[in-house]
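Below is one structure, written out as structure tokens; the observations come after it.
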Amino acid sequence: MPVITSIDDLKRLHKRRTPKMFYDYCESGSWTEQTFRDNESDFDKIRLRQRIAVDMTNRTTASTLIGQDVTMPLALAPVGLTGMQRADGEIKAARAAEKFGVPFTLSTMSICSIEDVAEHTEKPFWFQLYVMRDEEYVDNIIERAKRAGCSALVLTLDLQILGQRHKDLKNGLTAPPKMTPPVIADLATKWRWGIEMLQTKRRSFGNIVGHAKGVDNMNSLSSWTAEQFDPRLDWDTVRKLKEKWGGKLILKGILDVEDAKMAAEVGADAIIVSNHGGRQLDGALSSIRMLPSIVRAVGDKVEIHLDSGIRSGQDMLKALAMGAKGVMIGRAYIHGLGAMGEEGVTKALEVIHRELDITMALCGRRDVNTFDRDMVLVPEDFEGRWA
Ligand code: GLV
């Protein structure tokens, strides 16, 4: 058993053990990947304030997200095709999250269905919705999420059209993969992945197959997003969906102060400051750079979460110190899943939790709920002057 000390260790194993097309799907941004890179490198520009001679006993990372108790203020982000990183991946990740005491978010584009995940878990999870042209399908999936007891709807607002990720096109990404000569050659070295996949029946989009009408090419993410996703999605639709859902609503993909104000006005319970992990609008600013202005604008009106770029407990601490109430991780837990299945997701959560706990102690804090801007050193020009 390899000694895992960081998310990078899990990432290396993920790459070694998972078919290239799925590893690449996870580890890519759109076009030049500038925003994808900035999401991580902008965290590196922020430094921590070391404080000493502070009692470090009785530390706690326990908090709440949208009123729900959590072991630390972090949730697993919705990630498409998670069940292709490892057989039954969504069930494995959801189980690791519930044991650890953090929310799991199931993507509309998951391999395991809402019902599958509900059947294999005990605690409620969050459900992420992509709005489709087919209104009946949307109504139906909202009902399915209600029936499954989902405790929040995470509505993604930055992907009515899929950003172009070059690697996915070059690899011919499909779920399940087509058995072309390069794929067969790749799978020859990833035999454990293949054996597990042969043993599960969950190998295509579980929330769509048998539920959506008129999807021509079910295996291809890019063609069915182009055919099915509703490009007309606007704030009126958001209001209507809020009514239909009737429960906790989290709006994901907010990266602009004006949009954050609209989201607060609509009455969202939380917003997620996010650029979709750099997978949509390449050239947009990183989430952590946009966070301070959004906190200033709506921090007293709506709970603010942040995703895109969190790879460690230090990153998490920085986001919380700069005003986020919680964070989401996507790639960081997918690396764990691809590396070691459910155990790997647990490992990813343990790594980040430990980093958070020790870092906060060395910054002179004992309680994650007391974090503030005094804990970090931010370059004066960090937010930048953009005209
Ligand atoms: C879907 O959410 C994607 O980013 O591929």
Side-chain angles (χ1 to χ4, degrees), residues 14 18-37 39 75-85 89-90 93 104-114 126-132 138 141 153-177 204-208 212 215 217-231 233 250-255 272-284 286-287 305 307-310 328-335 337-338:
H14 177 201
T18 308
K20 179 174 170 4
M21 88 168 53
F22 301 119
Y23 176 82
D24 282 353
Y25 170 71
C26 164
E27 196 54 20
S28 55
S30 53
W31 291 307
T32 69
E33 302 192 332
Q34 178 189 51
T35 301
F36 169 59
R37 288 189 299 276
N39 280 337
L76 301 196
V79 179
L81 279 74
T82 293
M84 280 290 124
Q85 302 291 350
E90 289 89 358
F104 168 76
T105 316
L106 183 73
S107 167
T108 298
M109 330 259 264
S110 59
I111 301 297
C112 303
S113 68
I114 302 178
W126 295 353
F127 178 67
Q128 175 269 341
L129 179 69
Y130 278 124
V131 182
M132 311 277 171
V138 174
I141 203 160
L153 187 74
V154 178
L155 182 58
T156 300
L157 297 173
D158 60 1
L159 196 152
Q160 289 113 296
I161 300 178
L162 194 70
Q164 178 169 313
R165 300 105 192 224
H166 298 326
K167 284 177 243 169
D168 293 350
L169 296 177
K170 293 194 160 92
N171 289 331
L173 176 72
T174 56
S204 63
F205 296 96
N207 286 326
I208 316 291
V215 181
N217 188 350
M218 192 54 237
N219 299 339
S220 159
L221 184 74
S222 53
S223 35
W224 80 254
T225 47
E227 283 164 22
Q228 296 294 314
F229 282 29
D230 192 347
L233 172 61
I250 303 176
L251 298 181
K252 180 167 181 286
I254 310 288
L255 201 68
I272 305 173
V273 176
S274 167
N275 52 39
H276 215 106
R279 301 163 71 77
Q280 285 297 101
L281 180 62
D282 186 40
S286 66
S287 294
H305 304 176
D307 91 355
S308 306
I310 305 274
M328 277 192 153
I329 53 166
R331 295 184 178 93
Y333 89 81
I334 294 293
H335 293 326
L337 179 71

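Numbering of ligands and ligand atoms starts at 1, following listing order. Keep in mind it's a predicted model, so treat the numbers as computed, not measured. Just so you know, these numbers use all the heavy atoms, side chains as well, and skip hydrogens, waters and symmetry mates.
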- Who passes ring-ring contact (aromatic ring centres under 6.0 Å, His included) against His14, sequence neighbours left out? Tyr23, His335
Any luck finding a side-chain donor-acceptor pair between [X] and [Y] under 3.5 Å?
{"X": "Gln128", "Y": "Thr105", "answer": "no"}
{"X": "Asp307", "Y": "Ser287", "answer": "no"}
{"X": "Arg165", "Y": "Gln280", "answer": "yes"}

Under 4.0 Å to a heavy atom of [X] - the qualifying atoms of ligand 1, by number:
{"X": "His276", "value": "1 (C), 2 (O), 3 (C), 4 (O)"}
{"X": "Tyr25", "value": "1 (C), 3 (C), 5 (O)"}
{"X": "Tyr130", "value": "1 (C), 2 (O)"}

- Any non-hydrogen atom of Arg165 lying under 4.0 Å from ligand 1? yes
